[in-house]
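Okay, so here's the structure we're looking at.
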Amino acid sequence: MAGSYSEEVPVALGGKRQQFGRRFLNDPARVFHHNAWDNVAWSEEQAAAAEKKVQENSTQRVCQEKQVDYEINAHKYWNKFYKIHENGFFKDRHWLFTEFPELAPSQNQNHSKGLLLENKKSEIPEPRSREDGSGLIVEEQHKCSLNSLEHKTQMSPVEENVTQKLSHMEICADEFPGSLATYRILEVGCGVGNTVFPILQTNNDPGLFVYCCDFSSIAIDLVQTHSEYDPSRCFAFVHDLCDEEKSYPVPNDSLDIIILIFVLSAIVPDKMQKVINTLSRLLKPGGMMLLRDYGRYDMAQLRFKKGQCLSGNFYVRGDGTRVYFFTQDELDTLFTTAGLEKVQNLVDRRLQVNRGKQLTMYRVWIQCKYRKPLLSSTT
Ligand SMILES: C[S@@+](CC[C@H](N)C(=O)[O-])C[C@H]1O[C@@H](n2cnc3c(N)ncnc32)[C@H](O)[C@@H]1O
């Protein structure tokens, strides 16, 4: 229900940072004057009508045999999707850096270009500070690096032993792609790279490395053959988020940011928690998980017909791909159970307007940022 969300948008409007744009529909008569209105309040009647539609379209569930097929062949349905649409879908990313400035945190800061990458073993870069406070970690790393330099000048036998062990660890660490990077971002369920390529274009931090994965090999092929795919800055790989046997190509505690954009909703609800737990382990202490996904009663949910419902708020589209519609509380539980702390959990209610056809479409998206504590005990 619209009213059951713990609304944080008004807080954001109250002076800190404006979320999701500034065009408000104060006069309903002006609805067709623009293509979209931000932070639209839902009336009680509208919320009740949405609830009724969901009850109606959820009465008849997809049979068990088909449900199993959608689960075990999920990657095949997405492969089919990308075979048909290639990179023609999910392109609208105008909100990416305004909503997630963490994806390009250093754009206004003075970096000495490539310092760490070029001189990793001999020089120590200046610590950076970040708006979101995660600069603290970088400063800690800086201190550690300085300490290890001091160790190199006068070492006891015990220290030498430790140093040998450390340098062995360094060699192991060097074996993963992007191991020399200072800012590591992983996008899971990246599709054809509609987020990855804007990040690579916009974030010119020489220490940046972007990992991205999807279980659709066709999508990953499209990323890898993209003209802007640069293996020295990016590593795209096929990976099923639900496959617990398969590990990620990065160590635990190594990522600054993990992005999930309209991907958690594509996963069967009873596997979501394990996915978030696993991803959470990959984050550095202080690292953040960023999510944008479908919210409960989004227009797309209300449009489903009877017979497309798999389980509560989980549906299958005509092409065999699946989608879940979240509440803020559900997402909060998923992230906090994985040991992360809430930084942001907002609902974005937008009214999109087709002025030609005089149609109104109520969109509901949820946006979350959750941070791994500096002293963490992740599951
Ligand atoms: C709605 S699309 C979003 C794609 C991309 N994040 C974007 O915004 O353009 C969902 C993506 O999640 C991927 N996906 C779904 N389930 C997955 C899983 N279990 N493991 C990895 N990727 C998955 C699909 O292949 C698809 O590319």
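Side-chain atoms are counted along with the backbone in the values below, which use heavy atoms only and exclude waters and symmetry mates. First listed ligand is number 1; within each ligand, the first listed atom is number 1.
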Quick check: [X] and ligand 1, any N/O pair under 3.5 Å apart?
X	answer
Val188	no
Ile267	no
Val263	no
Asp214	yes
Trp78	no

Could you tell me if the side chain of [Y] sits less than 4.5 Å from the side chain of [X], heavy atoms only?
X	Y	result
Leu279	Val275	yes
Leu283	Met289	yes
Leu103	Phe97	yes
Thr337	Gln273	yes

Using non-hydrogen atoms of the residue, decide whether [X] is closer than 4.0 angstrom to ligand 1.
X	value
Lys271	no
Thr195	no
His75	no

Which ligand 1 atoms are under 4.0 Å away from a heavy-atom of [X]?
X	value
Cys190	5 (C)
His239	20 (N), 21 (C)
Glu187	6 (N)
Gly191	27 (O)
Asp240	18 (C), 19 (N), 20 (N)
Ile261	3 (C), 5 (C), 6 (N), 8 (O)
Ala266	15 (C)

Is the ring pair [X]/[Y] parallel, tilted or perpendicular, if the boundaries are 30 and 60 degrees?
X	Y	value
His239	Phe237	perpendicular
Phe197	His226	parallel
Tyr370	Phe335	parallel

Worksheet, complete the sentence: Of Phe262, Tyr82, Phe81, the residue with the heavy atom nearest atom 10 (C) of ligand 1 is Phe262
Practice prompt. Identify the residue among Cys212, Ser216, Ser217 that makes a side chain to side chain contact (heavy atoms under 4.5 Å, CB included) with Asp214.
Written response: Ser216
Practice prompt. Test ring pair (Phe, Tyr, Trp, His ring centres under 6.0 Å) on Tyr70 and Tyr77 and set out the steps.
Written response: CA-CA 8 Å; Tyr70 292 133; Tyr77 286 109; 5.4 Å; yes
Worksheet item: Counting only heavy atoms, which portion of Asn194 has something under 4.0 Å from ligand 1: side chain, backbone, both, or neither?
Response: side chain
Item to complete: Evaluate whether atom CD of Glu65 has more than 12 neighbouring non-hydrogen atoms of other residues, nucleotides or ligands under 6.0 angstrom away.
Response: no
Item to complete: Could you tell me whether the side chains of Asp319 and Thr321 share a donor-acceptor contact shorter than 3.5 Å?
Response: yes
